[in-house]
There are 2 protein chains.
Amino acid sequence: MKRDSRLSGVLHVLLHMAEQDTPMTSEQLAKAMQTHPVVIRRTLGGLRDAGFVHSEKGHGGGWTIAKPLAGITMRDVYDAIGRPSLMAMGNRTDAPGCLVEQAVNAALDTGFREAEALLLARFGQVTLAELAADFHARMAARSLSPTPQEHIHD
Amino acid sequence: MKRDSRLSGVLHVLLHMAEQDTPMTSEQLAKAMQTHPVVIRRTLGGLRDAGFVHSEKGHGGGWTIAKPLAGITMRDVYDAIGRPSLMAMGNRTDAPGCLVEQAVNAALDTGFREAEALLLARFGQVTLAELAADFHARMAARSLSPTPQEHIHD
DNA sequence: TTTCATGTAACTTTAAATAGTGCATGAAAC
DNA sequence: GTTTCATGCACTATTTAAAGTTACATGAAA
């Protein structure tokens, strides 16, 4: 399958939204993400249902952050987009009658579960406010360089 | 893409080979795995290059284990099949000029690297001998049940 | 020399994410 | 009120990598 980049993408979008006072349309966000507006609406739909963002129709409409960034963790965002599978590998069959396969699956699953638990625990410790702070630190560092650039894409 | 089940599959095949004294053909192994002989030859090719299995052509040929099971870890097998990516998720772009994306990617990558390291460390602690022992324990448990079955697939 | 089995290079199929189209809905501007 | 702008959503198309398949060369044993 294709590599899943939804979490990466939606975090990116959220931080861009946080830099704006006014609502951003899915078209603006799609441009910044070099993707399609419908993809933006689709992934942000989950965040809206979870109460993290708000969407408005019509003139002046678009997307806004609905909660303080410090109150949203990467784990929250992961949950809101539907908890896509984290591991690229899986077992050959789900219901193995073969005892060899059962032994193999048990060993693999133990490892996968541990790795997933660690990953989700880490994500639960990082708030969007921290990501935004990291971004601003990078901004400050870059502004010292000879050719400062905008923080938003073209 | 499809879910990667190569590690699961090749471990399964190795344990079946270990139960046999004589070489097993890729056709026999494919039957047990409900897959295609060429798929078996493809994945076992990496293990052959790594010295874990041996293959022989012609009459009476086939595949045999070339090292004691206690000397092969799940990590070794993972390496031998080419270290396929473990995480289903990744970053949107590899070379982000956007500072927001840099901040997001840095946070995600930290988590992914930690989870991968944990997983590989766990895999490095489990030898095929232990998997085989687990299989035999399951065999013994089943043989107590009213309808004992063969350990090998039809 | 025939038969069996691997080795490998194509090509096809499949699963899942992403991309895109079309239209309904609803809000603001005129 | 009607035009314009924006989301909501159903549906289809594209893309990516694994898995499945075909075809044939190679090499060993019968």
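Letters A, B, ... are given to chains in the order of the sequence lines, protein chains preceding strands, and every chain is numbered from 1. Model, not experiment: these values are computed from the prediction.
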When both hydrogen-bonding distances must be under 3.5 Å and the geometry is Watson-Crick or G-U wobble, what is D:dA30 paired with, if anything?
C:dT1
Short side-chain N/O contact from A:Arg41 to OP1 or OP2 of D:dT7, under 4.0 Å:
yes
In whole angstrom, give the distance that lies between atom CE of B:Met17 and atom C1' of C:dT6.
13 Å
Could you tell me the separation between the CD1 atom of A:Ile40 and the C1' atom of D:dC9, rounded to a whole number of Å?
16 Å
For the pair made of CE in A:Met89 and C1' in D:dA17, what is the distance, rounded to whole Å?
14 Å
Strictly below 4.0 Å, heavy-atom distances to any atom of DNA chain D: list the hits from residues 54-66 of chain B, or just say none.
B:Lys57, B:Gly58, B:His59
Show which side-chain atoms of residues 67-76 of chain B pair as donor or acceptor with protein atoms under 3.5 Å away, not counting sequence neighbours.
residue: B:Thr73; atom: OG1; partner: B:Arg75; partner atom: N; Å: 3.3
residue: B:Thr73; atom: OG1; partner: B:Asp76; partner atom: N; Å: 3.0
residue: B:Thr73; atom: OG1; partner: B:Asp76; partner atom: OD2; Å: 3.1
residue: B:Arg75; atom: NE; partner: B:Asp79; partner atom: OD1; Å: 3.3
residue: B:Arg75; atom: NE; partner: B:Asp79; partner atom: OD2; Å: 3.4
residue: B:Asp76; atom: OD2; partner: B:Thr73; partner atom: N; Å: 2.9

Separation of B:Arg48 atom CZ from D:dG27 atom P, in whole Å?
14 Å
Taking atom P of C:dG7 as reference, at what distance in whole Å does atom CG of B:Leu47 sit?
12 Å
Chi angles and distances behind the side-chain hydrogen bond (donor to acceptor under 3.5 Å, both in side chains) call for B:Arg41, B:Ser26
CA-CA 6 Å; B:Arg41 295 206 280 270; B:Ser26 56; 2.9 Å; yes
Side-chain donor or acceptor of B:Glu130 paired with backbone N/O of B:Thr127 under 3.5 Å:
yes
Is any side-chain heavy atom of A:Leu11 closer than 4.5 Å to one of A:Leu128?
yes
Sub-4.5 Å side-chain heavy-atom contact between B:His54 and B:Arg48
no
Distance below 4.0 Å between A:Ser26 side-chain N/O and D:dT7 OP1 or OP2:
yes
Any protein N or O atoms within reach of nucleotides 19-21 of chain D? Criterion: under 3.5 Å, listing atom names and distances.
residue: D:dA19; atom: OP1; partner: B:Ser5; partner atom: N; Å: 2.7
residue: D:dA19; atom: OP1; partner: B:Ser5; partner atom: OG; Å: 2.7
residue: D:dG20; atom: OP2; partner: B:Thr35; partner atom: OG1; Å: 2.5
residue: D:dG20; atom: N7; partner: B:Arg42; partner atom: NH2; Å: 2.8
residue: D:dG20; atom: O6; partner: B:Arg42; partner atom: NH1; Å: 3.3
residue: D:dT21; atom: O4; partner: B:Arg42; partner atom: NH1; Å: 3.3

Round to the nearest Å and state the distance from B:Met87 atom CE to C:dA17 atom C1'.
18 Å
Is any side-chain heavy atom of A:Met33 less than 4.5 Å from a side-chain heavy atom of A:His12?
yes
CD/B:Glu27: more than 12 non-hydrogen atoms of other groups inside 6.0 Å
no
Do B:Cys98 and A:His16 have side-chain heavy atoms sitting under 4.5 Å apart?
yes
Mind calculating the distance between CG (A:Leu44) and P (D:dT7) to the nearest angstrom?
9 Å
Nearest heavy-atom pair of B:Pro23 and B:Gly61: which atoms, and what distance?
CB-O, 3.8 Å
Provide, to the nearest angstrom, the distance between the CZ atom belonging to B:Arg83 and the P atom belonging to D:dA17.
20 Å
